[in-house]
Amino acid sequence: MYLTYVIVSVLFCVSFVDLVHGSELDYDGWLQLRLWHAFDDDPVPTFTERGNITVSSVRSGASVVGQNGLLPAQISALKNLAEHDGKYRLKALARTSSGSEITFLTSVPACYLLGSDLEDIITVWLDSAAEPVAVSISSLGPCLLDSPFTNMWTTNVVVRYPDGGPIPDTAMYIQKLEREREARERGETKDNRSFLAKYVKSLCTGRLGEDERDTLLIGTVSHVLAYHVEDNADVFYKEMSDGANCIIVAKVGWLPNQVAIVGGNCSVTVLDAQGTEIFWTVMGGVVTSLSVFDFDGDGENELLIGTTDFEIRVQKEDTMLWETKETAAIVALTDLSNRQFAYAVDNGTIGVYEAGQRLWRVKSKHKVISVETFDINGDGAPELITGWSSGKVDARTYNTGEVMFKIQLSSGVAGIVDADYRRTGKPDLVVISTNGEIRGYSAGSAIQTPEPGEMIRELLAKKQALQMELRQRAATGSNMYYGSKLAISLLTQRGAARVALAAGPGLLVI
């Protein structure tokens, strides 16, 4: 029996994968990964050989995976890691057709490998020259402590690289520069945009370090400025080579204090209260939205990331716990309760996920401008508040997406904030439109105040419905049967109405 197990355990698991995302590479070649893994939590882990991956064409993504099955002692070590919330660690030596070699380290919670029966995803990130810049391992789980059904790996290989931008029309661009230069020489043009319009990409407030006062963070195309409004003083000024498209101040589970999380061009950077970079990771597209929430239910926040390549990813330190692909670029992410989060994409879709499963989504012809949470009806449970480019603001329940409240502004929504605007100790919902209109709502007050013009719109809609019904009845003739004591027959020839009463359960009017 033992001999049979040894024979099975040394078999190679071979799979052919053809998964590539992104645009075309400037160069095609092959790539080899030699893999080692560790089953301990020591500061200096002990790695043993796992297998190898050969990508015959980085452009097509065709690859072959060969790796050994786990021995009984290794499965026991993996279970011990999972019981102590440990991580399975992987070391990958990447060798390319250009002759370069680079080593990457990555990890995944051990319990996710047990829950998926040793099924994992190894993602290789390349630059435009087909050189590897990162290797990551992930598993869809769920997080379990039971022994896997098999000792053989089921590995999916994904090759990814950043999307390339459109090729510029150099001749047209040079002509444009010449026209602008000539206009400047004649004094006909002047850039009247404000500093905010020219350079600022993102704004955020939050508490950094031990200071209980909020710090204003300003993200530009090249820097992040942290500024104390009350002290009128800079906290730090940090250069960001990838820019700062979005910023949040939040607490993530693997760090002890509140930090500033910056989303840039294909990267996420974490800064401490002094502006020191303490974490960095690469992304497959431009980061457009960030949030934090407890994805796996361990009581600690994970990082939620949305990008222009339609992806939503959950990151825990250097481990990717979950990802999904939507139908357009992600424009907003908002953490909710009970392992839920809301998302909005560029094509007008908004929805909610719970623990990696989509609960609902709706699509509009208008674009989402702002997403917030607020208890609009005062029942103690917050609703999802969405502001649209059409000027509509609606409130939906987390679990079903049912609309609980809506208003219509005279112009598009510019932003929605949840703040103690009146200094009453309770938050208010403040809605701002593009033409400067500001509306405020307290919890429970919104549904008691009818929207101006809403009654007229409802009556007009009823009028149109009744007129359509009259036209349909006139088209189908005057013979009708009713199960009530009162019947009305509309005659089409003379436009008259006949009314009859009956004592029985029904009446036939001819």
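This structure is a prediction, so every number in the text was calculated from the model and none was measured.
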- prompt: Could you walk me through whether Asp211 and His228 pass the side chain to side chain donor-acceptor pair (under 3.5 Å) check?
  reply: CA-CA 10 Å; Asp211 196 334; His228 259 311; 3.0 Å; yes
- prompt: Who pairs with Thr96 by side-chain contact (heavy atoms from CB on, under 4.5 Å), at least two apart in sequence or on another chain?
  reply: Leu31, Ser98, Ser100, Glu131, Pro132
message: Looking at every non-hydrogen atom in both residues, tell me the closest pair between Ser291 and Leu333 and how far apart they are.
response: CB-O, 3.9 Å
query: Taking side chain as C-beta onward, heavy atoms only, is Val393 less than 4.5 Å from Ile416?
result: yes
query: Can any side-chain N or O of Asp214 pair as donor or acceptor with the backbone N or O of Thr205 at less than 3.5 Å?
result: no
task: Check disulfide bond (SG atoms under 2.5 Å apart) between Cys204 and all other residues, then give those that pass, not counting sequence neighbours.
output: none
- request: With sequence neighbours left out, write down each residue that passes side chain to side chain donor-acceptor pair (under 3.5 Å) with Ser139, or none if nothing qualifies.
  value: Ser116
task: Return each pair, listed once, that meets salt bridge (Lys or Arg N to Asp or Glu O under 4.0 Å) where at least one residue sits in residues 371-393; pairs must be two or more places apart or across chains.
output: Lys392-Asp394
task: Apply the test side-chain contact (heavy atoms from CB on, under 4.5 Å) to residues Leu409 and Glu437: give CA-CA distance (whole Å), side-chain angles for both, the deciding distance (0.1 Å), then the verdict.
output: CA-CA 8 Å; Leu409 304 181; Glu437 180 183 3; 4.1 Å; yes
Within-4.5 Å side-chain heavy-atom neighbours: Pro427 and Asp420: no
field: Close side-chain approach of Leu359 to Asn399, heavy-atom, < 4.5 Å
entry: yes
message: With side chain to side chain donor-acceptor pair (under 3.5 Å) as the criterion, how do Asp120 and Tyr112 come out once you've worked through the C-alpha distance, each side chain's angles and the decisive distance to 0.1 Å?
response: CA-CA 9 Å; Asp120 60 357; Tyr112 279 79; over 6 Å; no
Validation row: Leu303, Trp254 side chains within 4.5 angstrom (heavy atoms): yes
query: Which heavy atom in Lys87 sits nearest to a heavy atom in Ser107, and how many Å separate them?
result: CD-OG, 3.5 Å
- prompt: Mind checking what makes salt bridge (charged side-chain N to carboxylate O under 4.0 Å, His left out) contact with Lys91, not counting sequence neighbours?
  reply: none
message: Tyr237: which residues meet the side-chain contact (heavy atoms from CB on, under 4.5 Å) condition with it, sequence neighbours left out?
response: His223, Leu225
- prompt: Any Lys/Arg nitrogen of Asp298 or Lys316 sitting under 4.0 Å from an Asp/Glu carboxylate oxygen of the other?
  reply: yes
- line: Contacts of Asn257 meeting side-chain contact (heavy atoms from CB on, under 4.5 Å) (sequence neighbours excluded), chain-then-number -> none
Under 3.5 Å donor-acceptor pairs involving side-chain atoms of residues 33-46, not counting sequence neighbours:
residue, atom, partner, partner atom, Å
His37, ND1, Tyr88, OH, 2.8
Asp40, OD1, Asp42, N, 3.4
Asp40, OD2, Thr46, N, 3.3

- request: Taking Gln357 for its side chain and Glu354 for its backbone only, find out whether a donor-acceptor pair lies under 3.5 Å.
  value: no
message: Keeping Asp234 on the side-chain end and Phe236 on the backbone end, is there a donor-acceptor pair under 3.5 Å?
response: no
- prompt: Quick one: side chain to side chain donor-acceptor pair (under 3.5 Å) partners of Gln32, sequence neighbours excluded?
  reply: none
- request: Would you sort out whether Thr327 and Val345 count as a side-chain contact (heavy atoms from CB on, under 4.5 Å), showing the intermediate values?
  value: CA-CA 7 Å; Thr327 55; Val345 299; 4.2 Å; yes
message: So which atom in Leu105 and which in Asp318 form the shortest heavy-atom distance, rounded to 0.1 Å?
response: O-OD2, 4.4 Å
Spacing of CG belonging to Leu429 relative to OH belonging to Tyr421, to within rounding of 0.5 Å: 13.5 Å
Shortest non-hydrogen separation from Tyr398 to Gln340 and the atoms involved: CB-OE1, 3.5 Å
Lys363 bridged to Asp346 by N-O distance under 4.0 Å: no
Criterion side-chain contact (heavy atoms from CB on, under 4.5 Å) on Val224 and Ile218, from CA distance to verdict: CA-CA 6 Å; Val224 169; Ile218 305 171; over 6 Å; no
statement: In short, Ser410 meets Asn435 closest at the heavy-atom pair OG-ND2, 3.3 Å
task: Using a 4.5 Å cut-off on heavy atoms from C-beta on, say whether the side chain of Thr386 contacts that of Val368.
output: yes
- request: List the steps and the verdict of side chain to side chain donor-acceptor pair (under 3.5 Å) for Lys79 and Ser147.
  value: CA-CA 7 Å; Lys79 292 181 62 178; Ser147 297; 3.0 Å; yes
field: Stepwise ring pair (Phe, Tyr, Trp, His ring centres under 6.0 Å) check, Tyr441 with Phe405
entry: CA-CA 12 Å; Tyr441 300 91; Phe405 166 74; 5.7 Å; yes
message: Ser267 vs Asp242, test: side chain to side chain donor-acceptor pair (under 3.5 Å). Steps then yes/no.
response: CA-CA 7 Å; Ser267 69; Asp242 291 334; 2.6 Å; yes
task: Assess the pair Trp322 and Tyr353: is the distance between their ring centroids shorter than 6.0 Å?
output: yes
message: My understanding is that only residues two or more places apart in sequence, or in another chain, count here; which of them pass salt bridge (charged side-chain N to carboxylate O under 4.0 Å, His left out) with Arg339?
response: none
query: Between the side chain of Arg361 and the main-chain N/O of Gly351, is any donor-acceptor distance below 3.5 Å?
result: no
- prompt: Is there a side-chain contact between Val286 and Thr307 (heavy atoms, below 4.5 Å)?
  reply: no
Trp153 side chain near Arg50 side chain, heavy-atom distance below 4.5 Å: yes
field: For Asp146, salt bridge (charged side-chain N to carboxylate O under 4.0 Å, His left out) partners two or more places apart
entry: none
- request: Run the salt-bridge test on Arg422 and Asp428 with the 4.0 Å N-O cut-off and return the result as yes or no.
  value: yes
message: For a salt bridge (Lys or Arg N to Asp or Glu O under 4.0 Å) check, start with the C-alpha distance between Asp231 and Arg213, then their side-chain angles and the critical distance, and finish with the verdict.
response: CA-CA 10 Å; Asp231 294 343; Arg213 299 172 298 175; 2.8 Å; yes
message: Would Val292 and Lys251 count as a side-chain contact (heavy atoms from CB on, under 4.5 Å) here? Give the steps.
response: CA-CA 8 Å; Val292 296; Lys251 172 72 170 63; over 6 Å; no
message: Are Leu304 and Tyr343 packed together at the side-chain level, in the sense that at least one heavy-atom pair is separated by less than 4.5 angstrom?
response: no
- request: Answer yes or no: is there a donor N or O on one side and an acceptor on the other, between the side chain of Ser202 and the main chain of Ala244, under 3.5 Å?
  value: yes
field: Chi angles and distances behind the salt bridge (Lys or Arg N to Asp or Glu O under 4.0 Å) call for Arg313, Glu302
entry: CA-CA 10 Å; Arg313 176 189 293 190; Glu302 284 77 45; over 6 Å; no
message: Under the rule for side-chain contact (heavy atoms from CB on, under 4.5 Å), what residues qualify as partners of Pro142, not counting sequence neighbours?
response: Leu144
query: What pair of heavy atoms forms the shortest contact from Pro148 to Ile75, and how long is it?
result: CD-CG2, 4.0 Å
field: Sidechain-backbone polar pair: Ser433 side chain, Val413 backbone, donor-acceptor under 3.5 Å
entry: no
